[in-house]
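Position 1 is the first residue of the sequence; numbering continues from there.
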Amino acid sequence: MTAAPVPSAVVELARSASRVAVLTGAGMSAESGIATFRDAQTGLWSSFDPADLASPDGWARDMDLVWGWYRWRAELVRRSEPNAGHRALTEWQNKIHLDIATQNVDDLHERAGSSVISHVHGSLFDPRCSECGVHSQPDAEPVDENVDRVVPPSCPECGGPMRPGAVWFGEPLPQDHWLAAVHAVENAELVLVVGTSGVVFPFAGLPAMARSTGARVVEINPVETEISDMADHRWRTTAAIGLPALVGSL
Ligand code: APR
């Protein structure tokens, strides 16, 4: 995709907004080389359905497999870099009040220098004990790409198996993160929705909430999504092309 001019209506909205909320999904990190959740999984993981692995049932069935998958994903993120879209948001955040709420479990916003008010689906880098809930960082071990099952480390407090820090299908969201995302949307004049298919609720309901509280909504996504209808403007571009162009035009 080639650089496209920023639609003038989008520039105007961005110039006049003093509070912006940016809602990001997997597409935000796609140009950093991290496959979106609904893309086919590669290599060792191609025969697994991510929705099966990211679930309490998946964990109950085979916790070594689930831990191995998350460890592999964390390693993929460690080897990746924030893209120009992440960096553009940091530049913008240095100028105005801009809240970032993400569904992504990676840390690429933070590594680009942004502060993130809400990781609604948790983080790859915040495991906790599946029994007593204590958060702890296991020692880093080299990741063998040919190994799928890895025994989860033991909790330093109670000895129970550590579980990934991501929110699984069927689990409640961390309330503090969810409320922070709602607060950001309710107080924004402009909400940018970047790189999400809009199929997972309640996050997918935030653009509608933004509209109902009077914010204008702009979608940045190369394709039509389930929530495109909620947007005042649909900009068919990518995160790493559109966001630097937008911030550069302000
Ligand atoms: N720039 C912007 N958007 C992109 C790009 C890009 N470079 N590449 C892909 N996209 C868009 C796709 O068109 C798609 O609409 O990103 C979206 C990614 O959709 P999903 O893979 O469904 O990711 P997401 O919406 O974040 O998924 C929501 O579901 O799987 C669970 O918990 C997981 O947080 C995740 C949630």
Side-chain angles (χ1 to χ4, degrees), residues 23-30 33-78 80 101-108 116 118-138 141 143-155 157-182 195-206 225-227:
L23 307 176
T24 68
M28 182 76 227
S29 300
I34 300 172
T36 66
F37 206 80
R38 286 169 182 78
D39 281 341
Q41 302 288 292
T42 52
L44 200 59
W45 301 101
S46 53
S47 60
F48 294 101
D49 179 350
D52 281 344
L53 295 171
S55 71
D57 282 352
W59 178 251
R61 246 191 329 265
D62 193 342
M63 64 174 80
D64 296 3
L65 185 70
V66 172
W67 184 262
W69 185 56
Y70 276 96
R71 217 174 72 134
W72 171 79
R73 290 177 63 197
E75 181 62 16
L76 203 68
V77 170
R78 275 191 206 100
S80 305
T102 187
Q103 296 173 99
N104 297 343
V105 290
D106 67 47
D107 60 355
L108 296 182
V116 174
S118 170
H119 271 275
V120 286
H121 294 165
S123 161
L124 285 174
F125 304 106
D126 186 24
R128 66 179 186 277
C129 177
S130 61
E131 285 171 13
C132 74
V134 156
H135 292 249
S136 133
Q137 275 308 328
E141 302 161 55
V143 174
D144 181 342
E145 308 226 339
N146 300 308
V147 169
D148 52 9
R149 285 181 174 73
V150 178
V151 178
S154 301
C155 170
E157 297 291 326
C158 76
M162 299 295 293
R163 60 155 281 176
V167 177
W168 289 330
F169 289 103
E171 290 190 313
L173 300 185
Q175 273 307 289
D176 47 344
H177 287 258
W178 171 245
L179 293 176
V182 169
T196 176
S197 55
V199 296
V200 174
F201 282 83
F203 196 90
L206 289 171
T225 71
E226 294 291 317
I227 47 176

Exercise. Going from CH2 on Trp69 to CG on Asp52, what distance comes out if it is rounded to the nearest 0.5 angstrom?
Worked result: 9.5 Å
Problem set entry | pair Arg128-Val134: side-chain heavy atoms closer than 4.5 Å | no
For this session: Specify the closest pair of heavy atoms between Trp67 and Pro164, including all atoms of both residues, with the distance to one decimal.
Result: CZ3-N, 3.6 Å
Problem set entry | Student check: side-chain heavy atoms of Trp168 and Trp59 closer than 4.5 Å | yes
Problem set entry | Which atom of Pro152 lies closest to which atom of Asp64, heavy atoms considered | CD-OD1, 3.3 Å
Exercise. Do His177 and Val167 pass the side chain to side chain contact (heavy atoms under 4.5 Å, CB included) test, and can you show the C-alpha distance, the side-chain angles, and the key distance before you say yes or no?
Worked result: CA-CA 12 Å; His177 287 258; Val167 177; over 6 Å; no
Problem set entry | Considering all heavy atoms, the nearest Pro127-Gln137 contact | CD-NE2, 3.7 Å
For this session: State, yes or no, whether a side-chain contact exists between Leu23 and Thr196 at a heavy-atom distance under 4.5 Å.
Result: no
Exercise. Which heavy atom of Phe203 sits nearest a heavy atom of Thr24, and at what distance?
Worked result: CZ-O, 3.9 Å
For this session: Might you work through the side chain to side chain contact (heavy atoms under 4.5 Å, CB included) test for Ser80 and Ser29, ending with a clear yes or no?
Result: CA-CA 9 Å; Ser80 305; Ser29 300; over 6 Å; no
Exercise. Is any side-chain heavy atom of Leu206 less than 4.5 Å from a side-chain heavy atom of Trp178?
Worked result: yes
Seminar exercise, completed: Scanning both residues in full, the closest heavy-atom pair of Val120 with Ala181 reads CG1-CB, 4.2 Å
For this session: Decide side chain to side chain contact (heavy atoms under 4.5 Å, CB included) for Asp148 and Leu65; before the verdict, give the C-alpha distance in whole Å, the side-chain angles of both, and the deciding distance to 0.1 Å.
Result: CA-CA 6 Å; Asp148 52 9; Leu65 185 70; 4.1 Å; yes
Exercise. Under 3.5 Å, is there a donor-acceptor pair between the side chain of Ser130 and the main chain of Pro161?
Worked result: yes
Exercise. After noting the C-alpha distance and the side-chain angles of Asp57 and Arg61, does the key distance pass the side chain to side chain contact (heavy atoms under 4.5 Å, CB included) rule?
Worked result: CA-CA 6 Å; Asp57 282 352; Arg61 246 191 329 265; 4.1 Å; yes
For this session: Quick one: pull up NE2 in His135 and CD in Glu157 and give me the separation to the nearest 0.5 Å.
Result: 12.0 Å
Exercise. Hey, does Met28 have a side-chain heavy atom less than 4.5 Å from the side chain of Asn104?
Worked result: yes
Problem set entry | pair His119-Asp126: side-chain heavy atoms closer than 4.5 Å | no
Exercise. What are the two closest heavy atoms between Phe169 and Ala51, and how far apart are they?
Worked result: CE1-CA, 3.8 Å
Exercise. So do Val105 and Tyr70 actually touch side chain to side chain, heavy atoms under 4.5 Å?
Worked result: no
